[in-house]
Participant: 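Handing you this structure, nothing more for now.
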Amino acid sequence: MALFKHHIFCCTNRREPGHKRGCCAEKNSDELRDYMKSRVKELGISKTRVNNAGCLDRCELGPCMVIYPEGVWYSCKTKEDVDEIIREHLLGGVAVERLKLPG
């Protein structure tokens, strides 16, 4: 039996200011990760782990996250995006197409 039903990796990588690719941290990824973590806990969504990740190499499209075991990659820019991913993906089992990153 799997320890987690969902494992969410949120990029919180920091690059030096002005880096040509940017970074997820300068796009509020820490705040969005913390918000997702608290909402998952508040809603009592069991067997779900929200983690920091180093660079996921999609810097220009960030802030980025990937949810396993499905392997769905998202660009999540607002708390409303986080809420939609929780509602549709984690609770509803359906990927949020408008937020998915190109494969």
Participant: What verdict does the side chain to side chain contact (heavy atoms under 4.5 Å, CB included) test give for R21 and D57, after you've listed the backbone C-alpha separation in whole Å, the side-chain angles of each residue and the deciding distance to 0.1 Å?
Facilitator: CA-CA 9 Å; R21 293 188 68 199; D57 203 28; 2.9 Å; yes

Participant: Taking Y68 as the starting point, is it possible to reach I45 by hopping between hydrophobic residues whose side chains are less than 4.5 Å apart?
Facilitator: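 Hydrophobic grouping puts I45 apart from Y68.
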
Participant: Looking at OG1 of T48 and NZ of K41, how far apart are the two atoms once the value is rounded to the nearest 0.5 Å?
Facilitator: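 Between T48 OG1 and K41 NZ, I get 14.0 Å after rounding to 0.5 Å.
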
Participant: Please report the interatomic distance OG(S29) to NZ(K77), rounded to the nearest 0.5 Å.
Facilitator: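 Going from the OG atom of S29 to the NZ atom of K77 covers 11.0 Å.
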
Participant: Let me confirm one number: the CD-CD distance from E16 to E26, rounded to the nearest 0.5 Å.
Facilitator: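 CD of E26 is found 10.0 Å from CD of E16.
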
Participant: Would you give me the side-chain donor-acceptor pairs under 3.5 Å for residues 93-103, sequence neighbours excluded?
Facilitator:
| residue | atom | partner | partner atom | Å |
| --- | --- | --- | --- | --- |
| R98 | NE | E84 | OE1 | 3.0 |
| R98 | NH2 | D81 | OD1 | 2.9 |
| R98 | NH2 | E84 | OE1 | 2.7 |

Participant: Rounded to the nearest 0.5 Å, how far apart are CG of L56 and CH2 of W73?
Facilitator: 4.5 Å

Participant: Please name the pair of heavy atoms, one in G62 and one in C24, separated by the smallest distance, quoted to 0.1 Å.
Facilitator: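 Closest approach of G62 to C24: CA-SG, 3.9 Å.
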
Participant: If you measure from SG on C76 to CE on M65, what distance do you get to the nearest 0.5 Å?
Facilitator: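 It comes to 4.0 Å.
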
Participant: Identify each donor-acceptor pair in which a side-chain atom of residues 4-14 lies under 3.5 Å from a protein atom, sequence neighbours left out, and give them as a table.
Facilitator:
| residue | atom | partner | partner atom | Å |
| --- | --- | --- | --- | --- |
| H6 | NE2 | E70 | OE2 | 3.0 |
| H7 | NE2 | N51 | OD1 | 2.7 |
| R14 | NH2 | D30 | OD2 | 2.8 |

Participant: Checking I85 against I67 for the side chain to side chain contact (heavy atoms under 4.5 Å, CB included) test, could you report, in this order, the C-alpha distance in whole Å, the side-chain angles of both residues, the deciding distance, and whether it holds?
Facilitator: CA-CA 10 Å; I85 291 168; I67 300 179; 3.8 Å; yes

Participant: So does G22 get a backbone contact from the side chain of R15, meaning a donor-acceptor N/O pair under 3.5 Å?
Facilitator: yes

Participant: How long is the straight-line distance from CE of M36 back to CG of L90, given to the nearest 0.5 Å?
Facilitator: 5.5 Å

Participant: Do the side chains of K79 and E31 get close enough for a salt bridge, i.e. N-O under 4.0 angstrom?
Facilitator: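 Salt bridge between K79 and E31, a charged N being under 4.0 Å from a carboxylate O: yes.
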
